[in-house]
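Here the structure is a predicted model, which is why all the values come from computation and not from measurement. Residue numbers run from 1 in the order of the sequence given.
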Amino acid sequence: MLCSPQNWGGSYQRVRGGLDAQKCSPEKSASFFSKVTYSWFSRVITLGYKRPLEREDLFELNESDSSYTVCPIFEKQWWRKEVLRNQEMQKVKASFYKEAHTKKPSLLYALWNTFKSVLIQVALFKVFADILSFTSPLIMKQMIIFCEHSSDFGWNGYGYAVALFVVVFLQTLILQQYQRFNMLTSAKVKTAVNGLIYKKALLLSNVSQQKFSTGEIINLMSADAQQLMDLTANLNLLWSAPFQILMAIYLLWQELGPAVLAGVAVLVFVIPINALAATKIKKLKKNQRKNKDKQIKLLKEILHGIKILKLYAWEPSYKNKIIKIRDQELEFQKSARYLTVFSMLTLTCIPFLVSLATLCVYFLLDEGNILTATKVFTSMSLFNILRIPLFELPTVISTVVQTKISLGRLEDFLNTEELLPQNIETNYIGDHAIEFTDASFSWDKTGMPVLKDLNIKIPEGALVAVVGQVGSGKSSMLSAILGEMEKLTGVVQRKGSVAYVSQQAWIQNCILQENILFGSIMKKEFYEEVLEACALLPDLEQLPKGDQTEIGERGVNISGGQQHRVSLARAVYSGAEDPLSAVDVHVGKQLFEKVIGSLGLLKNKTRILVTHNLTLLPQMDLIVVMESGRIAQMGTYQELLSKTRNLTNLHQVISEEEKAHALKRVSAVNSRTRPKDKILEQKPRPSLDEGKQFPMKKEKIPVGGVKFSIILQYLQAFGWLWVWLTVVTYLGQNLVGGQNLWLSAWAKEAKNMNDFTEWKQIRSNKLNIYGLLGLIKGLFVCSGAYVITRGSLAASRTMYVQLLNNVLHLPIQFFETNSTGQIISRFTKDIFIIDMRLHYYLRLWVNCTLDVIGTILVIVGALPLFILGIIPLVFFYFSIQRYYVASSRQIRRLTGASRSPVISHFSETLSGVSTIRAFGHQQRFIQQYKELVNENLVCFYNNVISNRWLSVRLEFLGNLMVLFAALLAVLAGNSIDSATVGLSISYALNITHSLNFWVKKACEIETNAVAVERVCEYENMDKEAPWIMSRRPPLQWPNKGVVEFINYQARYRDDLGLALQDITFQTHGEEKIGIVGRTGAGKSTLSNCLFRIVERAGGKIIIDGIDISTIGLHDLRGKLNIIPQHPVLFSGTLQMNLDPLNKYSDSKLWEVLELCHLKEFVQSLPEKLLHEISEGGENLSMGQRQLVCLARALLRKTKILILDEATASIDFETDKLVQTTIRKEFSDCTILTIAHRLQSIIDSDRVLVLDSGSIVEFEAPQNLIRQKGLFYEMTMDAGITQESGTKNKLL
């Protein structure tokens, strides 16, 4: 329903100062030394070592890094490009060249304009770091020359040693500044892009919403924006790697002359091969992304429709569907990884091949060329430097390739069609609130009109009803008023602002009070009036914390009626109201009288009500009857009654008694009214139905180290065979990786040779062995990469299937108390880490461990005294690592936990975008999103700084190792030869990187193992009973349909009171039972117990002689039938929605569609049964969705049927046809009907009346009316008399 409200809600503003000000980062006030060494962050590291860190312990963001600063700057650049494009489009339209195409705005260009200054700053840091990296080999060269000329012994040697230390220390400080600014800039890029995605999502037209599903948009936010972040982090490598390669080649030319050109030729030959592999990987990644979109989309629908899956026992079917998509993704991953293995082989071989080719040509160019220690170790150091850019270049090329795909996807989304503000004129100042003039609308600009030739004028303050059959265009008319549809022709004018509540209530995951206020300022007196008028006071009595109770996602922990009342209260507080069809009949009457009617809170507002409740029509100022998208009739109630052509059914539907009741003003206080002060001020108390109001659980953040059992679980999923093969291949790789030792021995041998002829004889043999060692190492590298690829793929599939199994076996209460974002985060980010990162870090760590051990052994072998320095330094290494990892691990956990609310909020916004736009609250939601992003950025910022804190200290220790080795070489003087000096210093320079790398990868493994911990978290949670048990019922069970409750008790949690108490009753075979009661009486709980959604606390349920607790859930649920309260459809074909298990023939499907009065509609669709249903069934009306659910029930046709408010979304005429169909088709079945509209159960054989979880009445309806108990009171509220009840019974 719609109405024009006053604009009470102020703009949402960030509250600055206060707690934020107290937690500001001390970086700005820190000294220069503290800044470059990150000592100002030590207090967080120390605190994290003493106890697990909490969010409040972390430092806040600098203002320049927050989303409040970043997003507006970037959006300004993007929208500037958009404006330029629109201007260009106008010029194109005005020109003669109609076929001309305008260039889409470039996301990359907008990002460059936004971040170019900081990117240039980062690049300068990288330039200085790269230059310093080439200074070290040159100083080492001077040290070797110094040692070769013993006469030069003196202070020069110490000067070279100190200079070497100063250079590597400066390189450390500059490189860490580069890493810090680089990572924070990449995070800002992701923040800016995600902010734009969120803003765009609030502007999407209906066509764009169909084109981009919620899952796809979430994937753009999580995967594609992340890809842009990864590219930004590696962006400088695009020029830095070639720069380092050229510098290395230049310096090698100084040592080896033109021979270095042979190495360049190898590079020129090999790099294009890697480029080709990168192109192939690009195609595979593109297909993988499409599969990922499908996977997230289906997963999200499964989580939103989990109760339907459980009720229908469809979990295995949908599990197989999602595993099939996952297997396709893993196939793409496998092909991409095999190509990566090939790239890795060439990558590992490139430094060796370059050095081998260079040495061969060096010897061939001049037979007098001898390999001296100076040339060997200077060249070896340069080759080691060359290895890093050669290793990084293919990675960054691959990242560029993947980012190009992501950029295309992001630009497609950001340039997609938006909702045009021109669809409706909102600055109308005429005499009417709303005016349509010859207006036609479609959901698509190029599609067929859904609403045609609308001409209507709605006076200000009028009460208007829009009625019509299912699919006639009632809800579409409201969408047109909101501007949600594409206007094809005509004019639509609307005065004032609008508040809106859709037919399907949209509830936020926040406390009830915030749901009602919806960003508006609290006006306590009016707030209390709204609660009373919307009949929410009795609901507050039941909620454990009153209006401070947290409501779960999509309102899962409150009933359907409560959802609509909360949704209505939100609109009333803003100045509007909504449909009454899903609310208790007696509550509906109160809502109309106290809110909508001529004496209600909104009496001075313009109100448009889409309703199936024709008893309200006599009180309307204007009634609009819709038929096939057109206005069939329009006028007052009396005017329409006087016409007979299309509205004679009004006489048939509304009896004389109903008309009299509808016109009568009821002065008595409604039974749901309570003293408001008493309700609002009462202390929270446990209630009978409290179990349904589970408090939403915040994501659990583990503390302490990751248990070894978690790593063990990953290794078990990896496969022990692949684990041992990985260890063997990497051990072999390092054992044969002694080319440098061979060169050292070669140089030492050459120095001692006096005869040049002898040198020529051994040169070929030495070169051959050098080449053979490199070849064997390459084979081991390739084998290791292949083995770890096979094992990691097995681990990825196993852990994903285990996670999916665990989630599907969790009880429904879990999904009602945990946000979808928490679950999806495990299937996306955590699985991504397991897929792509964890095995990579494990491989690097194993390789680095063996490398470090080998390096230390080499240095100690060359300089035995080095062991005196290495022992304390290694001790300090491990101490710092242990001191640091506690904080790092906990910060990573906080980062993961802060990511889930962002995804949940994004998903929630997408599902309620029409409501948000109707209220005009886009800016408030954007601000809320930025707050959540900032929380995630705070954790990321602290994580980046903690990594830099560690790196500075570890590299400083490594620099001390270099200094120690250099001093030992100087002190040794003539006692060691120059080859040994070169070997020890070059390895000492290498160990700085290796040890730092080893500690960081050990930390990375532990922090990334948190992903395995999160994925395995659901393993030990309480699960539902087994789907299949050893005892199975007969195939024909149940054959009578006798349901018996014996002293049955149920509670939602062990610590709560009973929701059902001592329920004892028995149905007869083929009996029709109506179940009624006030909200919270236990009606839905009773049906949940039949399906064992809620397990028993005592007593038992027997169906045709079998205790249902003794059989498997699927054996039970597969033999029961239900038409649920909320119609849930999944994206896919109509056929798949009717028959996901593919059991029935097409002819059977057409038969049930005809019985549901949907055959004509489906036949009119181009694809018939293969018509694509959009996400959540959005391209069908609510009534049509309900009829599809009825068709499902007709297909299953079991002996027992439960109707849970199944006809709340369809008009009375269709309802009558549906009831006739149900009576006919299920005449031989036992039917339990839970209904708020008493007309639908008044013809039942018996009626079960519940109150406070107990049975208070159970008799034939006529007898209950005569007894004048609770059921009689309810019938009086509904306007049903004993005579009308008897009449319905006879019919």
Side-chain angles (χ1 to χ4, degrees), residues 308 311-312 468-472 581-582 612-614 649 652-653 1041 1067 1069-1075 1087 1120-1129 1134-1135 1137-1139 1143-1165 1168-1169 1177 1180-1245 1247 1261 1287-1291:
I308 294 298
L311 291 173
Y312 284 99
Q469 294 186 354
V470 171
S472 61
S581 57
H612 299 304
N613 190 352
L614 302 184
N649 60 333
Q652 299 169 1
V653 175
T1067 70
E1070 303 179 7
E1071 190 177 15
K1072 310 302 179 281
I1073 303 291
I1075 302 173
S1087 68
L1120 299 178
N1121 208 346
I1122 186 169
I1123 303 176
Q1125 179 179 2
H1126 301 294
V1128 176
L1129 301 185
L1134 177 61
Q1135 184 174 28
N1137 271 279
L1138 290 171
D1139 181 24
K1143 284 184 177 180
Y1144 305 100
S1145 65
D1146 285 3
S1147 59
K1148 183 64 176 174
L1149 296 182
W1150 283 113
E1151 182 184 331
V1152 298
L1153 287 173
E1154 185 173 14
L1155 291 171
C1156 295
H1157 313 285
L1158 278 174
K1159 184 177 181 180
E1160 185 178 342
F1161 167 72
V1162 176
Q1163 283 179 331
S1164 68
L1165 299 172
K1168 308 288 191 296
L1169 288 172
L1180 297 180
S1181 73
M1182 186 66 75
Q1184 287 168 333
R1185 290 179 229 170
Q1186 192 75 70
L1187 294 176
V1188 171
C1189 292
L1190 173 61
R1192 285 176 184 164
L1194 288 169
L1195 275 175
R1196 286 166 72 93
K1197 195 74 183 289
T1198 59
K1199 201 67 179 175
I1200 298 172
L1201 171 69
I1202 293 92
L1203 295 175
D1204 190 356
E1205 304 184 44
T1207 59
S1209 299
I1210 53 180
D1211 60 87
F1212 276 102
E1213 187 175 344
T1214 307
D1215 186 13
K1216 187 176 178 182
L1217 293 171
V1218 167
Q1219 294 296 336
T1220 303
T1221 301
I1222 290 173
R1223 279 195 293 268
K1224 179 182 176 184
E1225 297 301 319
F1226 293 97
S1227 59
D1228 58 344
C1229 302
T1230 300
I1231 301 178
L1232 304 178
T1233 304
I1234 299 169
H1236 288 305
R1237 291 201 278 192
L1238 297 186
Q1239 287 90 342
S1240 60
I1241 56 94
I1242 199 68
D1243 62 344
S1244 300
D1245 296 323
V1247 173
K1287 181 180 177 181
N1288 281 326
K1289 179 69 180 175
L1290 292 172
L1291 289 173

* Asked: If you measure from CG on Leu1120 to CG on Leu1201, what distance do you get to the nearest 0.5 Å?
  -> 10.0 Å
* To do: State, to 0.1 Å, how close Ile308 and Pro1124 come at their nearest heavy-atom pair, and which atoms those are.
  => CD1-CG, 3.4 Å
* To do: Please round to the nearest 0.5 Å and tell me the distance separating atom CG of Leu1169 and atom CG of Leu1138.
  => 7.5 Å
* Is it true that Glu1151 and Lys1159 make a salt bridge, defined as a side-chain N closer than 4.0 Å to a carboxylate O? -> no
* Structure fact -> To the nearest 0.5 Å, atom CD1 of Ile1234 lies from atom CD1 of Ile1073 at 12.0 Å
* Taking atom CD1 of Ile1222 and atom CG of Leu1203, what is their separation to the nearest 0.5 Å? -> 4.5 Å
* Structure fact -> Here the gap from His1157 atom NE2 to Leu1190 atom CG, rounded to the nearest 0.5 Å, amounts to 8.0 Å
* Asked: How far apart are the closest heavy atoms of Asp1228 and Glu1070, and which atoms are they?
  -> O-CG, 3.2 Å
* Identify the residue among Val1247, Leu1232, Ile1231 that makes a side-chain contact (heavy atoms from CB on, under 4.5 Å) with Ile1241. => Val1247
* Within-4.5 Å side-chain heavy-atom neighbours: Thr1233 and Lys1072 -> no
* Looking at Ile1200 and Thr1198, what are the two nearest heavy atoms and their distance? -> O-OG1, 3.1 Å
* Asked: Closest heavy-atom contact between Phe1161 and Gln1184?
  -> CE1-NE2, 3.4 Å
* Within the side chain of Tyr1144, is there an N or O that forms a donor-acceptor pair under 3.5 Å with the backbone of Asp1139? -> no
* At what distance, to the nearest 0.5 angstrom, does OG1 of Thr1221 lie from CZ of Phe1226? -> 9.5 Å
* **Ion pair Arg1223/Asp1243, N-O distance below 4.0 Å** => yes
* Validation row: Asp1146, Gln1135 side chains within 4.5 angstrom (heavy atoms) -> yes
* Heavy-atom closest contact (Pro1261 atom, Ile1242 atom, distance) -> CG-O, 3.3 Å
* Asked: Does Glu1225 offer a backbone N or O that forms a donor-acceptor pair with the side chain of Lys1197 under 3.5 Å?
  -> yes
* **Minimum heavy-atom distance Lys1168-Gln1163, with the two atoms named** => CE-O, 3.2 Å
